[in-house]
Amino acid sequence: MSKDQENIKYLIQRPKTPVIKPPMHRSIFNKAIKRDYRLNRNCHQTMGYAEVKFNHPSKFLKKHTRIVKRPFVGNIKKSYYLGSSGALKPLLPNQKCSQQCNRSLKFRGKINNIKRNFLQENIVDVVRKVPPLPKHRVQDSRNGHIMVLDEAGLEPTYVSKKSFGKTPSYIKKINKKNEMEKLAEVERVQAIKPPLRFLPEEERKELLKGLKANWGELYTEFLLLPMVTDSVPKINRKARIENQLNNLEKDINLLERYPSLYVCDH
């Protein structure tokens, strides 16, 4: 007998086996963490709220409106340099060098008969230097990968330029030059070849014969149209054929009335 069929032994209730859970993990630093939390949780209660005046919503921060104030450093009379600890220290003693080294130092230190203190100038330049602006960075993965938008081409820098979306000046010059060349070529052709030519009799008769043949085909098509034009396509087709017949009749009448005609090849 298969398991899917009914069996009396499956009707007897079996006792459930108790699930023995492993003991909960307790950190050895649990007591120390609780003690530090109780000691440090009230250390900032006396500071209160920061008294900062918020700007009006209409005065939001705009681009290139932040005023960067450079620190002013007056004339430094004493010669000193900053050590690794940040304290002022006297200058290092001069080192003895060869005659060629002395000449190079004198050449670099004397400009227009004025001695320059390069160490003092470097200190002043470093103090007055404006710190670089922070870059726009985005973290695009859960592993901490950071991407700089400006370097990746995702920062809209070219859209804000005045010349964005406009034709460059060199292309305008090229187009103007091409137009001038085309005009000069047209004038040269017109000067060599006259703009109008006389239509011979044979060509006029052949053209007249072709126009009459086309008019006959269109007239036959017009006669085959239904008598009742009760739809928009029928009305449009009838109007189109009538317009073509009128144009052909005008051309035929022109060729028959004037035997001497001048035509333009362009």
Side-chain angles (χ1 to χ4, degrees), residues 57-58 60-65 133 135-143 145-266:
S58 62
F60 56 91
L61 187 61
K62 299 179 181 179
K63 191 175 183 181
H64 302 301
T65 56
L133 296 176
K135 296 182 179 180
H136 293 179
R137 301 179 180 179
V138 174
Q139 183 175 346
D140 57 351
S141 66
R142 60 185 180 87
N143 296 326
H145 179 263
I146 296 175
M147 177 176 59
V148 183
L149 297 180
D150 191 9
E151 296 177 358
L154 301 177
E155 191 75 16
T157 55
Y158 296 99
V159 180
S160 304
K161 291 187 176 181
K162 295 181 180 179
S163 61
F164 178 76
K166 296 182 180 180
T167 307
S169 58
Y170 71 94
I171 294 181
K172 291 181 180 179
K173 291 180 181 179
I174 293 172
N175 293 337
K176 188 175 180 181
K177 185 178 179 181
N178 293 337
E179 290 178 359
M180 293 177 65
E181 290 179 356
K182 289 181 180 179
L183 291 174
E185 183 67 20
V186 171
E187 291 178 357
R188 186 182 66 82
V189 171
Q190 288 181 358
I192 296 173
K193 188 177 181 180
L196 300 176
R197 67 179 183 86
F198 179 73
L199 186 65
E201 184 67 21
E202 296 179 358
E203 189 175 352
R204 187 180 70 85
K205 290 181 179 180
E206 186 178 355
L207 185 61
L208 186 60
K209 183 179 178 181
L211 290 174
K212 288 183 178 180
N214 293 338
W215 184 88
E217 293 177 1
L218 282 175
Y219 187 70
T220 305
E221 186 178 354
F222 180 76
L223 294 177
L224 296 175
L225 291 175
M227 298 295 294
V228 180
T229 55
D230 54 352
S231 63
V232 177
K234 292 179 182 180
I235 296 172
N236 293 337
R237 186 182 178 189
K238 183 178 180 181
R240 178 175 56 82
I241 294 174
E242 287 179 351
N243 190 17
Q244 292 179 358
L245 287 172
N246 292 332
N247 293 335
L248 288 173
E249 288 176 358
K250 290 180 181 179
D251 295 338
I252 292 170
N253 188 18
L254 180 65
L255 290 173
E256 289 179 348
R257 288 177 58 187
Y258 302 101
S260 300
L261 292 174
Y262 289 88
V263 296
C264 182
D265 293 334
H266 299 288

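Neither side chain, His136 nor Asp150, offers a donor N or O lying under 3.5 Å from an acceptor on the other.
With hydrogens and angles disregarded, no donor-acceptor distance shorter than 3.5 Å links the side chain of Asn253 to the backbone of Glu249. A side-chain donor-acceptor contact under 3.5 Å links Asn236 to the backbone of Val232. In terms of modelled atom types and a separation under 3.5 Å, the side chain of Gln139 and the main chain of Ser141 share a donor-acceptor contact.
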**Q.** Pair Lys166-Lys161, side-chain contact (heavy atoms from CB on, under 4.5 Å): steps then yes or no
**A.** CA-CA 10 Å; Lys166 296 182 180 180; Lys161 291 187 176 181; over 6 Å; no
Q) Does the side-chain contact (heavy atoms from CB on, under 4.5 Å) test come out yes or no for Leu218 and Glu221, once each step is laid out? A) CA-CA 5 Å; Leu218 282 175; Glu221 186 178 354; 4.0 Å; yes
Q.
Between Glu256 and Lys212, is the salt bridge (Lys or Arg N to Asp or Glu O under 4.0 Å) condition met? List the steps.
A. CA-CA 11 Å; Glu256 289 179 348; Lys212 288 183 178 180; 3.3 Å; yes
Q: Decide side-chain contact (heavy atoms from CB on, under 4.5 Å) for Gln244 and Trp215; before the verdict, give the C-alpha distance in whole Å, the side-chain angles of both, and the deciding distance to 0.1 Å.
A: CA-CA 8 Å; Gln244 292 179 358; Trp215 184 88; over 6 Å; no
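Residues Lys172 and Lys176 are not in side-chain contact: their nearest non-hydrogen atoms beyond the backbone lie 4.5 Å or more apart. In this structure, the side chains of Val138 and Ile146 stay at 4.5 Å or more apart for every pair of heavy atoms. A 4.5 Å side-chain heavy-atom check between Lys250 and Leu254 finds every atom pair outside the cut-off. No side-chain heavy atom of Lys234 sits under 4.5 Å from any side-chain heavy atom of Leu225. Considering only heavy atoms from C-beta on, Glu203 stays 4.5 Å or farther from Leu207 through its side chain.
Across Pro200 and Phe198, no two heavy atoms sit closer than the pair CD-O, 3.3 Å. Scanning both residues, Leu211 and Asp251, for their nearest heavy atoms gives CD1-CB, 3.8 Å.
Taken from CG in Leu255 to CG in Leu199, the straight-line distance is 7.5 Å, to the nearest 0.5 Å. Atom CD1 of Ile241 sits about 12.5 Å away from atom OH of Tyr219, to the nearest 0.5 Å. For the atom pair CG (Asp140) and CG (Leu154), the distance works out to 9.5 Å, reported to the nearest 0.5 Å. The structure places CG of Leu248 at 10.0 Å from CD of Glu217, a figure rounded to the nearest 0.5 Å.
Salt-bridge check for Glu201 with Arg204: passed, with a basic side-chain N closer than 4.0 Å to an acidic carboxylate O. Salt bridge annotation for Glu185-Arg188: present, with a cationic side-chain nitrogen under 4.0 angstrom from a carboxylate oxygen.
Within a 6.0 Å radius of CD in Glu181, more than 12 heavy atoms belonging to other residues, nucleotides or ligands are found. Surrounding CZ of Arg137 are at most 12 heavy atoms belonging to other residues, nucleotides or ligands under 6.0 Å away.
Remark: Glu151 engages Lys135 in a salt bridge (Lys or Arg N to Asp or Glu O under 4.0 Å) (not counting sequence neighbours).
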